[in-house]
There are 2 protein chains.
Amino acid sequence: MPTRTAAHRRAEASAAYDAYLAECPARQLLDRIADKWVSLAVTALADGPRRYSDLQRTLASISQKMLTQTLRHLERDGLVTRTVTPAVPVRVTYELTPLGRSLLPVMAAIKGWAEAHMDEVRAARDTYDDAED
Amino acid sequence: MPTRTAAHRRAEASAAYDAYLAECPARQLLDRIADKWVSLAVTALADGPRRYSDLQRTLASISQKMLTQTLRHLERDGLVTRTVTPAVPVRVTYELTPLGRSLLPVMAAIKGWAEAHMDEVRAARDTYDDAED
DNA sequence: CCGCATCCTTTCGGATACTG
DNA sequence: CAGTATCCGAAAGGATGCGG
């Protein structure tokens with residue numbers, strides 16, 4: 001009989017990665033996904049595949065450099081797929097993978113929180129700034 | 001009778017802020033909270049008030065500059081309270097406000113996602129990098 | 001249309017030294 | 001202990017021009 005029970009193994013598995021630790025890969029991954037453009041790009045793909053130019057219109061004022069960079073990272077990390085349709089002109093569409101879909105609720109939540117609590121944050125800032133001594 | 005029904009007003013209210021728009025304040029707020037240190041700091045305060053030095057130990061390798069800056073922003077935005085206990089030496093504790101508590105599940109989710117899906121992302125990266133042509 | 005390469009400015013963020 | 005202030009290198013990110 002093993003000295004490590006199923007509960008032990010579960011606890012160990014859930015602690016396999018710890019973003020609090022600097023050297024942990026999860027810390028870097030957190031840094032990647034905790035990003036404004038990632039949040040907007042992933043949520044923009046919620047309803048299905050979309051074209052590059054379509055995404056660029058939706059994520060207002062994003063530069064093509066940042067959009068391409070963000071999409072490349074998401075593609076490399078297995079969160080989106082990139083599909084090129086050879087036509088004239090070429091047509092490129094991006095779509096969430098199942099892994100990307102698992103991140104979608106989280107990204108939608110953070111974007112939603114910002115939109116939902118903007119007024120409260122504004123009020124807090126006014127109070128804070130008025131209290132300058 | 002007004003031409004705008006309650007449903008109209010609700011729809012309008014929920015669309016009052018839109019992070020997709022560059023000029024929208026919610027875009028800036030999203031940029032503030034979609035941050036590695038914010039995620040780690042907020043989740044670290046989940047179980048109650050903690051001291052500055054305690055947080056610094058938990059958020060391994062964070063510089064005092066970034067920790068102070070992050071906490072100041074959170075305080076200004078009304079997400080945490082800062083309490084100074086005059087003693088020798090001085091004791092400063094940080095605690096989530098109700099507004100901060102409303103953000104906690106979101107921040108815990110993003111941190112948790114990174115830790116939970118690290119292996120899948122790693123596998124995707126290996127595949128992507130191997131396919132270099 | 002969908003990029004990549006380059007330049008250049010701005011910001012981020014670590015290191016260090018110093019205060020109540 | 002819990003900061004603030006300053007310096008400085010590294011990285012982010014916009015602008016522009018070119019290419020398949």
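Order of the sequence lines fixes the chain letters, A, B, ..., with proteins taken first and strands second; residue numbering starts at 1 for each chain.
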**Q** Output every pair passing side chain to side chain donor-acceptor pair (under 3.5 Å) with a member in residues 79-91 of chain A, not counting sequence neighbours, ordered by first then second residue.
**A** A:R82-A:Y94
**Q** Once salt bridge (Lys or Arg N to Asp or Glu O under 4.0 Å) is applied, what residue pairs with a partner in residues 33-42 of chain B remain, sequence neighbours excluded?
**A** A:D31-B:K36
**Q** Are a donor atom and an acceptor atom from the side chains of B:T43 and A:Y20 found within less than 3.5 Å of each other?
**A**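 Their side chains do contain a donor-acceptor pair, which is all the 3.5 Å distance test asks for.
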**Q** Rounded to whole Å, how long is the line connecting atom CE of A:M66 with atom P of C:dC2?
**A**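 It works out to 19 Å between those atoms.
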**Q** Expressed in angstrom and rounded to an integer, what is the separation of A:K65 atom NZ from C:dC7 atom P?
**A**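 Atom NZ in A:K65 sits about 12 Å away from atom P in C:dC7.
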**Q** Could you verify whether a donor N or O on one side chain and an acceptor N or O on the other, from A:D119 and B:Y17, lie under 3.5 Å apart?
**A**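 Present: a donor and an acceptor within the cut-off.
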**Q** What's the verdict on side chain to side chain contact (heavy atoms under 4.5 Å, CB included) for B:D77 and B:R32, showing C-alpha distance, side-chain angles and the deciding distance?
**A** CA-CA 10 Å; B:D77 290 351; B:R32 265 288 169 75; 3.8 Å; yes
**Q** Could you check how far CZ of A:R50 sits from P of C:dC2, rounded to whole Å?
**A**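 After rounding, the reported distance stands at 12 Å.
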**Q** Quick one: pull up NZ in B:K111 and CG in A:L30 and give me the separation to the nearest 0.5 Å.
**A** 8.5 Å
**Q** Here's a test for you: under side-chain contact (heavy atoms from CB on, under 4.5 Å), which of A:V106, A:L74, A:L79, A:V80 qualifies with A:V42?
**A** A:L74
**Q** According to a strict under-4.0 Å criterion, is B:Y94 in side-chain N/O contact with OP1 or OP2 of D:dG3?
**A**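 So the side chain of B:Y94 is within the cut-off, an N or O lying under 4.0 Å from OP1 or OP2 of D:dG3.
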**Q** May I have the distance from B:D31 (atom CG) to D:dG14 (atom C1'), rounded to whole angstrom?
**A** 15 Å
**Q** Does a nitrogen or oxygen in the side chain of B:S53 sit under 4.0 Å from OP1 or OP2 of D:dA2?
**A** yes
**Q** Between atom CH2 in B:W37 and atom P in C:dG13, what is the gap in whole Å?
**A**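 Taking CH2 of B:W37 and P of C:dG13, I get 9 Å after rounding.
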**Q** Contact class for A:V90 (heavy atom, under 4.0 Å): base, sugar-phosphate, or nothing?
**A**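 Base: the residue A:V90, judged by heavy atoms under 4.0 Å, touches a nucleobase.
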**Q** For A:Q64 and for A:K36, find the nucleotide of DNA chain D with the closest heavy atom, then tell me which residue's nucleotide is more 5'.
**A**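 With A:Q64 and A:K36 compared, the 5'-side residue is A:K36.
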**Q** State whether A:R51 places a side-chain N or O below 4.0 Å from either non-bridging phosphate oxygen (OP1 or OP2) of C:dC1.
**A** no
**Q** Side chain of A:S63, heavy atoms from C-beta onward: which of D:dG14, C:dC4, D:dG3 has the nearest atom to it?
**A**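 Shortest atom-to-atom distance from the side chain points to D:dG14.
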**Q** Nearest-Å distance, CG (A:D35) to P (C:dC12)?
**A**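 Atom-to-atom, A:D35 to C:dC12, this comes out as 13 Å.
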**Q** Grab the CZ-P distance between A:R72 and D:dA12 for me, whole Å please.
**A**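 Answer to the nearest Å: 17 Å.
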**Q** Over how many whole Å does the gap from B:E75 atom CD to D:dG3 atom P extend?
**A** 9 Å
**Q** Indicate whether OP1 or OP2 belonging to D:dA2 is found under 4.0 Å from a side-chain N or O atom of B:R82.
**A**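 No.
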**Q** What's the angle between the local helix axes at either end of the helix from C:dC1-D:dG20 to C:dG20-D:dC1, using five pairs per end and rounding to 10 degrees?
**A**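 Terminal axis comparison yields 50°.
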